[in-house]
Structures are given as structure tokens and as C-alpha cells.
Amino acid sequence: MALLFARSLRLCRWGAKRLGVASTEAQRGVSFKLEEKTAHSSLALFRGDTGVKYGLVGLEPTKVALNVERFREWAVVLADTAVTSGRHYWEVTVKRSQQFRIGVADVDMSRDSCIGIDDRSWVFTYAQRKWYTMLANEKAPIEGIGQPEKVGLLLEYEAQKLSLVDVSQVSVVHTLQTDFRGPVVPAFALWDGELLTHSGLEVPPGL
């Protein structure tokens, strides 16, 4: 019991350390890097911790620093900056990936789970050449978007919404109604290829 309490306390402190960044830069949107401490051992960060690539074998778990923030079972990595208010927009470039998930999650979500499986993360997933929404391990298909090289995400905290954006058309493809109860962070999972994030962007006009 004491171990569970200590783990929860450390996760909360990890999230709390970063809460000021998103609110002070709300006009431009959240600016973040990927947090290596959370990355599963099969994932490697690159380009100043703004990109993540999947390795079939990955690092030996024994060679990865042990900490309560790291995902242990699934190829997930979280951003290093939490959001508690405002409208925020970021983009993701997809390189050679046919199976990935992008969205947001509670800062203290279980590190034994995967984004999209529990009810404390909200994601858009791409698999088998199709897009889906995913919440609590339930998927629903999304129409009207193929496999673009880059997609956008629009987070509206007070409105409790997360939208997938077609960057080429600058239009919302689909919106998820969320249930935010505290700080959330951009979240990513992938099983092949690479994802490159672009944050600190202004919300495009019309969105």
C-alpha cells in the first residue's frame, strides 16, 4: 500500500512541476518535448526529444533507468508539459508508421496500461489503413481522412474537446468529447516507424 501511495505521489509531483508552462503560453499553445522518463524501452527519442521511433527489439529493460514514470507494458511516451486550461494546437508528422495512437492522457495514468485502453486517455488511432477514435478500449471509425503525412490536434480544455485536424484543409475531421478532471499531457503510442511532434503553434484561424 505504501508503495502505491509513493508512486501516486511521485506521478502527481511530476505533473505539477510543469503545469505553469502551458498556461503562460496559452496564446501560442502548449510547447512541449517528449519525456524520456516515460518512454517504454522499445521507443527511442530523437531530434531534441521532439520525435519518437519504434524499435522492434528496443533497449534491454535492465539498461533503462528504473522509475515509476516509465511505461512498462506498452510502447507509450508522454509529453513533458501538462495542460490545465486554454485552447492548444500541435501537429504530428508521420513517417513510415502504419500503427500509432495520438491524443492526450491524465498525467498520472497507469504505467501498466496503454493510451486508449483506459478511460483516462482520449486518442485517435491509425491501424489497418483506417482512423478510429479510442476510449476505454472501444473504437469507432472515422471517415473523411486517409493517411496524411501530417495531422493536427486541437485541445480545448474548458470545452472538454479534442479534435483531429486535417492539416492540408485546415479543418476538423472529428471531435472527441472528453472528461478532463485534472492536468492532461499530449500522449503517443506507436508500433512501427516514427512520429515527429511540432508544438508551440498558434491555433489556425477558423478552428
Side-chain angles (χ1 to χ4, degrees), residues 29-30 32 34 38-40 42-43 51-56 71 73-79 83 87-107 109-181 184-199 201 203-207:
V30 60
F32 63 83
L34 304 178
T38 68
H40 184 266
S42 65
L43 301 178
V52 57
K53 62 178 66 176
Y54 178 80
L56 185 60
F71 283 85
E73 303 294 332
W74 299 83
V76 176
V77 63
L78 302 181
V83 172
R87 301 177 79 236
H88 303 272
Y89 176 78
W90 61 95
E91 295 178 348
V92 181
T93 297
V94 181
K95 295 185 177 181
R96 300 182 299 280
S97 183
Q98 297 295 319
Q99 188 174 3
F100 59 88
R101 298 174 188 175
I102 54 177
V104 298
D106 282 359
V107 295
M109 73 167 286
S110 170
R111 276 15 180 200
D112 292 317
S113 186
C114 183
I115 57 173
I117 287 182
D118 65 6
D119 63 353
R120 302 316 309 156
S121 58
W122 302 265
V123 303
F124 298 101
T125 178
Y126 185 83
Q128 299 176 332
R129 300 183 179 182
K130 295 181 180 180
W131 283 94
Y132 304 86
T133 61
M134 195 168 184
L135 173 64
N137 213 22
E138 292 189 4
K139 295 195 300 184
I142 299 175
E143 305 295 338
I145 185 171
Q147 186 185 13
E149 293 183 357
K150 183 184 290 185
V151 294
L153 287 178
L154 175 64
L155 170 62
E156 300 174 273
Y157 192 92
E158 285 81 6
Q160 299 273 298
K161 293 179 180 179
L162 179 69
S163 299
L164 180 66
V165 176
D166 183 333
V167 173
S168 63
Q169 302 293 326
V170 194
S171 62
V172 170
V173 176
H174 191 89
T175 298
L176 268 174
Q177 194 65 45
T178 66
D179 180 28
F180 301 144
R181 302 174 190 172
V184 296
V185 287
F188 310 85
L190 73 160
W191 291 270
D192 62 358
E194 305 174 0
L195 300 177
L196 182 62
T197 65
H198 313 275
S199 63
L201 306 176
V203 177
L207 290 186

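Hydrogens, waters and symmetry mates play no part in the numbers below; they use all other heavy atoms, side chains included. Just so you know, residue 1 is the first one in the sequence shown, and it goes up from there.
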I'd like to know whether [atom1] of [X] has more than 12 heavy-atom contacts from other residues, nucleotides or ligands below 6.0 angstrom.
X: Gln128; atom1: CD; answer: no
X: Gln177; atom1: CD; answer: yes
X: Trp74; atom1: CH2; answer: no
X: Glu138; atom1: CD; answer: no

Between the side chain of [X] and the main-chain N/O of [Y], is any donor-acceptor distance below 3.5 Å?
X: Gln147; Y: Ser97; value: yes
X: Gln99; Y: Asp192; value: no
X: Ser199; Y: Phe32; value: yes
X: His88; Y: Val30; value: yes
X: Arg87; Y: Ala159; value: no

Can you tell me how far [atom2] of [Y] sits from [atom1] of [X], rounded to the nearest 0.5 angstrom?
X: Tyr157; Y: Phe180; atom1: OH; atom2: CZ; answer: 7.0 Å
X: Asp119; Y: Met109; atom1: CG; atom2: CE; answer: 10.0 Å
X: Arg101; Y: Tyr132; atom1: CZ; atom2: OH; answer: 12.0 Å
X: Thr133; Y: His174; atom1: OG1; atom2: NE2; answer: 5.0 Å

Please report the shortest heavy-atom distance between [X] and [Y], naming the atom on each side.
X: Ile102; Y: Leu164; answer: CD1-CD1, 4.5 Å
X: Ser110; Y: Phe71; answer: O-CE2, 3.6 Å
X: Cys114; Y: Ser121; answer: O-OG, 4.3 Å
X: Ala189; Y: Leu195; answer: O-CD1, 4.3 Å
X: Thr175; Y: Ser163; answer: OG1-OG, 2.8 Å
X: Leu135; Y: Asp118; answer: CD1-O, 4.0 Å

For His40 and Val77: C-alpha separation, side-chain torsions, deciding distance, then whether side-chain contact (heavy atoms from CB on, under 4.5 Å) applies.
CA-CA 7 Å; His40 184 266; Val77 63; over 6 Å; no
Can you tell if the side chain of [X] reaches within under 4.5 Å of the side chain of [Y], non-hydrogen atoms only?
X: Arg120; Y: Arg181; result: yes
X: Trp122; Y: Asp106; result: yes
X: Val83; Y: Val185; result: no
X: Tyr89; Y: Leu155; result: no
X: Gln98; Y: Tyr126; result: yes
X: Leu190; Y: Leu43; result: yes
X: Val76; Y: Thr38; result: no
X: Phe100; Y: Val52; result: no

Using the rule given for side-chain contact (heavy atoms from CB on, under 4.5 Å), can you reason through Thr178 versus Val184, listing the C-alpha separation, both sets of side-chain angles and the distance that settles it, and then say yes or no?
CA-CA 11 Å; Thr178 66; Val184 296; over 6 Å; no
Could you walk me through whether Arg111 and Leu78 satisfy the side-chain contact (heavy atoms from CB on, under 4.5 Å) test, starting with their C-alpha distance in whole Å, then the side-chain angles of each, then the deciding distance to 0.1 Å, before giving a yes or no?
CA-CA 11 Å; Arg111 276 15 180 200; Leu78 302 181; 3.6 Å; yes
